[in-house]
Amino acid sequence: MKRHTATAIVALLSCYAAQAQSADPLAPTGRWTGYSSGHAPTPPMGWNSWNAFASAVDEEKVMGSARRIVDSGLARKGYRYINLDDGWAASRRVSDGRLMIRTDKFPSAAAGDPQTPTFRPYTDRLHAMGLAAGIYSDMGRNTCAQAWSATDADLPKGSVAEREVGLHDHIEQDIALYFRDWGFDYLKVDGCGLRDFGPASPKVKAGQARALTPIMDLGAISRTDVPAVQKLFRRVGAAIERSRPDGNFVYSLCIWGAANVRAWAKDVGNTSRTSDDISPAWGRLLVNYDSAVHRALYAHPGSWNDPDMLYIGAGDFDAQHLTEARSHFSLWAMLNAPLLIGADLRTTPDALMEVLGNADIIALDQDGAGNQATVAYDSSDLQILIKTLSTGDKAVAIFNRGSGARDVSLQATQLKYRDDAPIEMTDLWTKQQVRFTKDVTLHVAARETAIFRARGVRLLPDGLYLSEQPGKVNPAVDGVTRPIADPTIFRTASGWGGTHGAGDRPQYAGWGGARADSAPYGQTLQIARKTYQSGIGILVNSRLEVRNENFRRLATQVGVDDSATDKTHAVTFTIYGDGRRLAQSHALEWGMPAERLDVDVSGVKLVELVARSAAPANEALPVTWGEAALTGH
């Protein structure tokens, strides 16, 4: 009897130990946890109706742009998705909850039973053109146009219940309708319904909408229920997978950088907006670009940072502003952003069609390695971006953010090339060749982005620094416990509020996240006064997942970064291979020299890098994986 009791106790304790380990976010899992469902091995390309038409969209406008994509050759270059944004829904039928289509705007939807309109003829037509079809919804009961439109001309009609065309309370039903019944391939899910219909909102007070307690606030992460928002978006993702089990879909999150989405969307969907809506103004481009440019480690094949649609064709990016239009396109390609055209392509000038059709720059966005560019030189008025391509070549972009021309010194070491060997670069706009050794001075006009494809001799002849391959590095746990707004994102008077109110305040959480070749708060990587030009900076109590493709060794110099303000708590660094511990450092404190870890990863598919401490505040203890590299093919 006692033996049985002892056995039961041992079994129970073992169970508790296993549960404790599984509950430990730093415990190795041996598997890649970044989002891999859907079909987005490269960033989606196509067209979206919103920038050109807002909610005043109709079938002829959409098909006109779709025909231009095909006839111009853009479809052959990868522009595939034709995405219908807000404005298509007429109402929700109360008797059975079915969504009704505005057949006055989409007449093909009424071709069968006019009492039960269907988008199937519309999607079939797009599919027959070799294209794919996207549609829009909102996570709340009501959509963004219902919250913000100045007129109800293009809004759903009927009773309060009939006007509730969002996903809330209808997730399974609507998702099945979109993907199984109507044949859509792409879903964009907005979030206005989760923030704009509280009891005090004008539409609710006027009796035009039912109150839904806001769980999200773009202006303050402290007023957002992040777990609740994330749970809803995971539910939608799971519903899509059930409705499209072949995985041929794209799931796009659109909550504009709210709810700390820049940290977790990489685990939930195929694309995620990192900022509020773009507008055709240079200052607004800077905001949207800044929201994604330091987030290279938070994107990978299958899940991409989305700084919003291309606004080429209007305002500061029209045919009279080709420098700005080319910058817009070049930067989005370096960010691995979705390339979704927002113009009315029926009237878009040929000069802008040539910008959108630059095959060499499209190739950078669509490169199979999936590495978002990292920042090699960073300042408020000029940045140098470098991207490692699947061929081993580098993409180089020199972005002059300011109002005056600059002579820029590009150095071989910024490309992680040897400075004693020749480098050849091709300008991807002019096709001119540039050859140099060590460094070269390039003249870059105001608002210009000079963009090149480069080839040279690598600093690591038989491997890659982890910071060169962010598409294979996932900050599964980045150590951030108190999300706060990133103060480095450009703030503009060209935002949606204009000069009303107190101005464009910092609002996009993400400050302190994992970064390539930089400490989490922007300082140079440094351990005990020794600087590292390459490496990963991250907060303590973090776990990085690294995909290994046939490399034999991983080596790194580890330690507490000099930027840490916690100078008393020790950190232990551990490397795991497919869940098995390969190496562990001594307990290292601030000011102690880096310790080298060098392990055999032959045959290992997933390497995990864990930095652990008993420190009470992760944000006070940034750590550095200096010169972290995979070598030895």
Side-chain angles (χ1 to χ4, degrees), residues 23-29 31-35 221 224 226-227 229-230 253 257-269 272 274 291-300 303-305 372 374-375 466-467 469-489 508-523 525 535-547 556 558-561 563-566 569 571-576 606-613 615-626 628:
D24 177 6
L26 304 186
T29 68
R31 63 184 181 87
W32 177 265
T33 61
Y35 191 74
I221 188 68
T224 295
V226 174
V229 175
Q230 188 177 157
L253 283 62
N260 200 33
V261 71
R262 294 196 301 155
W264 53 262
K266 64 183 178 59
D267 306 321
V268 175
S272 176
T274 55
S291 71
V293 69
H294 293 299
R295 308 289 292 178
L297 293 170
Y298 293 82
H300 59 262
S303 188
W304 308 101
N305 288 319
Q372 179 177 316
T374 58
V375 183
L466 298 192
S467 59
Q469 47 182 333
K472 293 182 174 61
V473 180
N474 177 38
V477 182
D478 64 9
V480 177
T481 61
R482 298 188 299 273
I484 59 174
D486 186 340
T488 67
I489 294 173
Y508 305 115
W511 187 231
R515 291 177 63 167
D517 296 340
S518 169
Y521 298 110
Q523 298 93 338
L525 294 173
I536 303 291
I538 193 168
L539 298 180
V540 77
N541 291 318
S542 55
R543 179 169 60 86
L544 292 162
E545 299 168 349
V546 182
R547 281 176 160 159
T556 181
V558 298
V560 175
D561 194 86
S563 63
T565 56
D566 182 339
H569 288 91
V571 179
T572 302
F573 297 80
T574 309
I575 300 177
Y576 298 91
L606 189 82
V607 178
E608 293 172 86
L609 310 180
V610 175
R612 190 186 290 268
S613 174
N618 296 349
E619 283 76 5
L621 200 51
V623 299
T624 288
W625 296 88

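Computed from a prediction, not measured in an experiment: that's the story for all the values here.
- At distances below 3.5 Å, at least one donor-acceptor pair connects side-chain atoms of N618 with backbone N or O atoms of G479.
- Contact between W511 and P487 at its shortest, heavy atoms only, is CD2-CD, 3.4 Å.
- At distances below 3.5 Å, not a single donor-acceptor pair connects side-chain atoms of E619 with backbone N or O atoms of L539.
- How far CG of N474 is from CG of D267: 6.0 Å, rounded to the nearest 0.5 Å.
- At a threshold of 4.5 Å between non-hydrogen side-chain atoms, the residues V375 and S518 do not count as touching.
- Atom OH of Y576 is separated from atom OG1 of T29 by 11.5 Å, given to the nearest 0.5 angstrom.
- Every residue meeting the side-chain hydrogen bond (donor to acceptor under 3.5 Å, both in side chains) condition with R612, not counting sequence neighbours, appears here in chain and number order: D24.
- Closest of all the heavy-atom pairs between V261 and S272 is CG2-OG, 3.4 Å.
- In terms of the side-chain hydrogen bond (donor to acceptor under 3.5 Å, both in side chains) criterion, residue partners of Q372 (sequence neighbours excluded) are, by chain and number, N305.
- No side-chain heavy atom of T374 sits less than 4.5 Å from a side-chain heavy atom of S467.
- Here the side chain of S303 pairs a donor or acceptor atom with the backbone of G269 at under 3.5 angstrom.
- Note that CG of L466 is 10.0 Å distant from CG of D517, once rounded to the nearest 0.5 Å.
- Atom-to-atom distance recorded for L297:CG and L544:CG is 7.5 Å, nearest 0.5 angstrom.
- Contact of the V229 side chain with the N260 side chain is not registered, since no non-hydrogen atoms from C-beta on lie closer than 4.5 Å.
- Within the 4.5 Å cutoff, the side chain of V477 has no heavy atoms near those of the N541 side chain.
- Taking the side chain as every heavy atom from C-beta outward, D561 and L525 approach each other to under 4.5 Å.
- Ionic pairing of R543 and E545 is present here: one or more N-O contacts between side-chain nitrogen and carboxylate oxygen are shorter than 4.0 angstrom.
- W264 meets the ring-ring contact (aromatic ring centres under 6.0 Å, His included) test with no other residue; sequence neighbours excluded.
- Remark: D486 pairs with T488 by the side-chain hydrogen bond (donor to acceptor under 3.5 Å, both in side chains) rule, at least two apart or across chains.
- Heavy atoms only, all atoms of each residue included: S613 and V571 are closest at CB-CG2, 4.0 Å.
- Considering only heavy atoms from C-beta on, V623 stays 4.5 Å or farther from V558 through its side chain.
- Atoms OG1 and NZ, from T33 and K266 in turn, are 5.5 Å apart once rounded to the nearest 0.5 Å.
- One finds the CZ atom of R482 at 13.5 Å from the CD1 atom of I221 (value rounded to the nearest 0.5 Å).
- Judged as a ring-ring contact (aromatic ring centres under 6.0 Å, His included), and not counting sequence neighbours, H294 has no contacts.
- Remark: side-chain polar atoms of Y298 are not paired, donor with acceptor, to backbone N or O of A292 under 3.5 angstrom.
- Residues satisfying the ring-ring contact (aromatic ring centres under 6.0 Å, His included) test with W625, not counting sequence neighbours, are F573.
- Listed for the R295 side chain is no donor-acceptor partner under 3.5 Å among the backbone atoms of T274.
- Minimum interatomic distance between D478 and A514 (heavy atoms only, all atoms of both residues): CB-N, 4.4 Å.
- A 4.5 Å side-chain heavy-atom check between W32 and R547 finds at least one atom pair inside the cut-off.
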